[in-house]
Structures are given as C-alpha cells and as structure tokens.
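Convention: sequence-line order gives letters A, B, ...; per-chain numbering from 1.
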Amino acid sequence: MPELPEVETVVRSLQSVAGRRIQNIEVRQKRILRGKLDAASGKRIASIRRRGKFIVFHLDEGHLLVHLGMTGKLLLDGEITKHTHAIFTLDRGVILYTDSRQFGRIEYARGLPARVESLGPEPLEIGFDGFHTALHARKTQIKALLLNQRFLAGIGNIYADEALFRAGIHPRANASKISKVRSQKLHAAVQQVLTEAIAAKGSSISDYVDSEGRKGSFQHQHLVYQRTGEPCSQCGAAIRRTLVAQRGTHFCPQCQKR
DNA sequence: GACGATGTTGGCAC
DNA sequence: GGTGCCAACATCGT
C-alpha cells in the first residue's frame, strides 16, 4: 500500500497531533516493534515529517519512527480491532497502529538510525543532474533501481510502474544505458506522477486510508498498474504483466520497447 | 479447500 | 555491488 504519496498523505493528516504529549503506549503485538518504545512515553511530539516511506515523529527527545509496511495504518481516534497492535494515548486523543499483515515496524531512537540515514534522496527534491549521474552509475534493471530505497527514497511498485510507462521506458532496461533524453523523461515522470498522486491523496488499492480513515483516489488515474489486459491509453495495445525483480510489473509492450 | 497474488523490507547464498 | 530466492503475515479472488 503505502508508498511516498500515501505516507505523505498520512503525515499531513497527522499534523493535528503536533504539540501533544504521549502519555502511554500499549503494545499488543511485539512483532511490529524494533527495540523498545518505553523511552517515548512522556515525550512531547514536536513535529511529524516524512522521509522516504518512513513517518518520523520528532519528539522533544529522540524520534519515533513508523514504517507502514504493506498494510500498516495510523488512525486518529479510530476503532480498536484484532489488528490494532499499538495504542498511543496522548494528552488529548489516541493514535492507533493497525496492521493486518504485520510487515510494518515502529521504533524509538535517539538519533536517526542508519536505515533512515542511508536512504537515497527524496525523489521530489533531486535535480536532474544528480538523478542522471546516479542512474548512469548503475547496471541494474531500471525498475529494480527505482524500487531501491538507497537510490531514491519512497518509490514502490505502483509508482515505479506508472513512472516507467509515462516515460516510455521498458522496466527491464539497463539503467546505465538509458539515454540522457529518456533519463530526463523519467526524472520528469517520477516527479509528475508523485505530485499528482499526492494531490489525489494517494492510491487506495485495497484498504489504504489516511489517519482520518479517508481513501485516496489516484488509483483511478493508474495507466498500467493492475490494468493487465486492458487497452493502453496511448496506443490501445493490451497492458501486460510480468515479473521484474520478483515484483509484479505492468507495462505496455508497444509504448515501452526494450 | 487449494493456490496464487498483494502496496515492503531484510537476510542469505552466490 | 548485484541477482535471485525466501521469509515474515492476513486477506481476497479464482
């Protein structure tokens, strides 16, 4: 579910808790923890930001990091279910962490841990020169590279497929052999698709919602993702699905030649 | 009921 | 550094 636009939407919908204090943390399923959260109790939330797909609560001391995995949700004052694994009681209201597949993780850290520090640049901030240089240095398949969080932070399966389609690049293309012109198209496509997706408050493929329980609408603007067999919006050819880097990959065989 | 697919990451072997 | 495979888990569609 949650890639950069979805995480950004969640972070924006959480801004109302800035300034509140965490009074108590109840963990019901330890699997979703990395280390202990005890030290976060009693701390005040100074600000909430996004880095890649991580939600970062800056506390008056240290950080609370939340990664939503595939099905994680942070809900403000929502309903407690069998998939609610952590309950943050604030001085006003509660935040629930709910995650059916339990691939998400929560951790407390004084400084930002290496897994956050080693993330690649933000795709909406990187300029073309930096993007092109990094692209050219890699010999891997372009889709695998887009999914690599140390290359760019925040792109996942949906937006990789959508950006490659919009740039007319085959998902298996060798990154180092992409021409400057196509690299420019890709850089623009990545920024455009992410910007439009944020404006639509993300893609709700199965059950993604923001912290107020609202769905996104960008799934209606997907041109290839999960549109296998449907006609391409550009040329009418049937959209195909294949595996690239072990991930389901959707592309137009006409518009995205190797 | 079986089987395969699903938005993510991390570990391991090579 | 890169690739390929598997693992974690629950749910949904065929």
Side-chain angles (χ1 to χ4, degrees), chain A residues 1-11 28-35 50-55 65-74 81-86 97-107 113-120 123 134-164 171-177 193-194 197-198 200-210 215-222 224-229 239-250:
Chain A
M1 150 194 64
E3 306 181 24
L4 187 153
E6 290 76 30
V7 178
E8 178 66 25
T9 302
V10 171
V11 164
R28 302 186 158 199
Q29 168 58 269
K30 281 195 172 176
R31 182 187 301 280
I32 56 101
L33 290 190
R34 221 181 257 285
R50 179 190 59 75
R51 176 73 176 95
K53 299 175 192 171
F54 285 87
I55 298 165
L65 303 170
V66 180
H67 193 295
L68 300 175
M70 295 272 267
T71 52
K73 300 177 178 55
L74 283 177
T81 69
K82 65 173 175 178
H83 295 307
T84 301
H85 305 311
Y97 180 74
T98 301
D99 185 355
S100 66
R101 289 179 70 181
Q102 302 176 29
F103 288 172
R105 293 292 181 267
I106 304 179
E107 83 179 287
R115 77 178 61 80
V116 173
E117 290 289 0
S118 65
L119 289 171
L135 200 71
H136 232 238
R138 303 301 203 98
K139 294 182 177 172
T140 187
Q141 300 176 124
I142 185 61
K143 169 147 179 186
L145 189 57
L146 289 176
L147 293 176
N148 183 341
Q149 302 299 297
R150 301 168 91 107
F151 171 66
L152 285 180
I155 298 176
N157 210 31
I158 296 175
Y159 300 104
D161 282 4
E162 293 296 324
L164 287 168
R172 281 192 234 274
N174 182 323
S176 67
K177 293 184 180 169
V193 76
L194 293 176
I198 290 170
K201 301 189 188 297
S203 300
S204 287
I205 290 300
S206 62
D207 66 347
Y208 160 76
V209 290
D210 72 11
K215 292 188 175 199
S217 65
F218 195 71
Q219 65 277 13
H220 302 305
Q221 295 175 63
H222 291 173
V224 289
Y225 185 77
Q226 286 194 348
R227 296 203 173 280
T228 310
I239 299 301
R240 271 203 212 145
R241 180 183 183 281
T242 183
L243 280 185
V244 178
Q246 282 78 247
R247 308 295 301 279
T249 297
H250 312 76

Residue A:Phe103, side-chain heavy atoms: nucleotide from C:dC9, B:dT6, C:dA10 that is nearest: C:dC9

Sugar-phosphate, base or nothing in reach of A:Arg150, heavy atoms under 4.0 Å: nothing

Pairwise P distance for C:dC5 and B:dG4, with rounding to whole Å: 16 Å

Residue mapping more 5' on DNA chain C - nearest nucleotide basis, A:Asn148 or A:Gln102: A:Asn148

Expected output: side-chain A:Glu117 to main-chain A:Arg115 donor-acceptor under 3.5 Å: no

Rounded distance (Å) that lies between atom C1' of C:dT11 and atom NE2 of A:His83: 8 Å

C:dC9 - base-pair partner by Watson-Crick or wobble geometry, distances under 3.5 Å: none

Geometric class of the A:Phe54/A:His67 ring pair [parallel <30°, tilted 30-60°, perpendicular >60°]: perpendicular

Chi angles and distances behind the side-chain hydrogen bond (donor to acceptor under 3.5 Å, both in side chains) call for A:Thr242, A:Thr249: CA-CA 5 Å; A:Thr242 183; A:Thr249 297; over 6 Å; no

Distance-only donor-acceptor test, A:Arg101 side-chain atoms vs B:dT6 base atoms, 3.5 Å: yes

Any donor-acceptor pair under 3.5 Å from A:Glu6 side chain to A:Ser203 backbone: yes

Sugar-phosphate only, base, or nothing, as touched by A:Gly104 at under 4.0 Å among non-hydrogen atoms: nothing

Same-atom distance (P) from C:dG1 to B:dT8, integer angstrom: 23 Å

Separation of C:dG2 C1' from A:Arg172 CZ (nearest whole Å): 16 Å

Proximity to the side chain of A:Met70 - top-ranked nucleotide from C:dG2, B:dT6, C:dA10: B:dT6

Expected output: side-chain A:Lys53 to main-chain A:Ile155 donor-acceptor under 3.5 Å: yes

C:dC9 phosphate, OP1 or OP2, under 4.0 Å from A:Lys82 side-chain N/O: no

Value in whole Å for how far the C1' atom of B:dG10 lies from CZ of A:Phe54: 11 Å

Between P of B:dG11 and CD of A:Gln246, the distance in whole Å: 17 Å

Closest to side chain of A:Thr140, choosing from B:dT6, C:dA8, C:dG2: C:dG2

Sugar-phosphate, base or nothing in reach of A:Arg138, heavy atoms under 4.0 Å: sugar-phosphate

Separation of B:dT8 C1' from A:Ile32 CD1 (nearest whole Å): 15 Å

Integer-rounded Å distance: B:dT8 P and A:Leu65 CG: 19 Å

Side chain of A:Lys53 (C-beta onward), nearest among B:dT6, B:dT8, C:dA10: B:dT8

For atom CZ of A:Arg34 and atom P of B:dG11, their distance in whole Å: 8 Å

Side-chain donor-acceptor contact under 3.5 Å, A:His85 with A:Asp99: no

Below 4.0 Å: OP1/OP2 of C:dG4 and any side-chain N or O of A:Arg247: no

A:Phe151 CZ to B:dT8 C1', straight-line distance once rounded to whole Å: 19 Å

Residue whose closest nucleotide on DNA chain B lies nearer the 5' end, A:Arg115 versus A:Ser204: A:Ser204

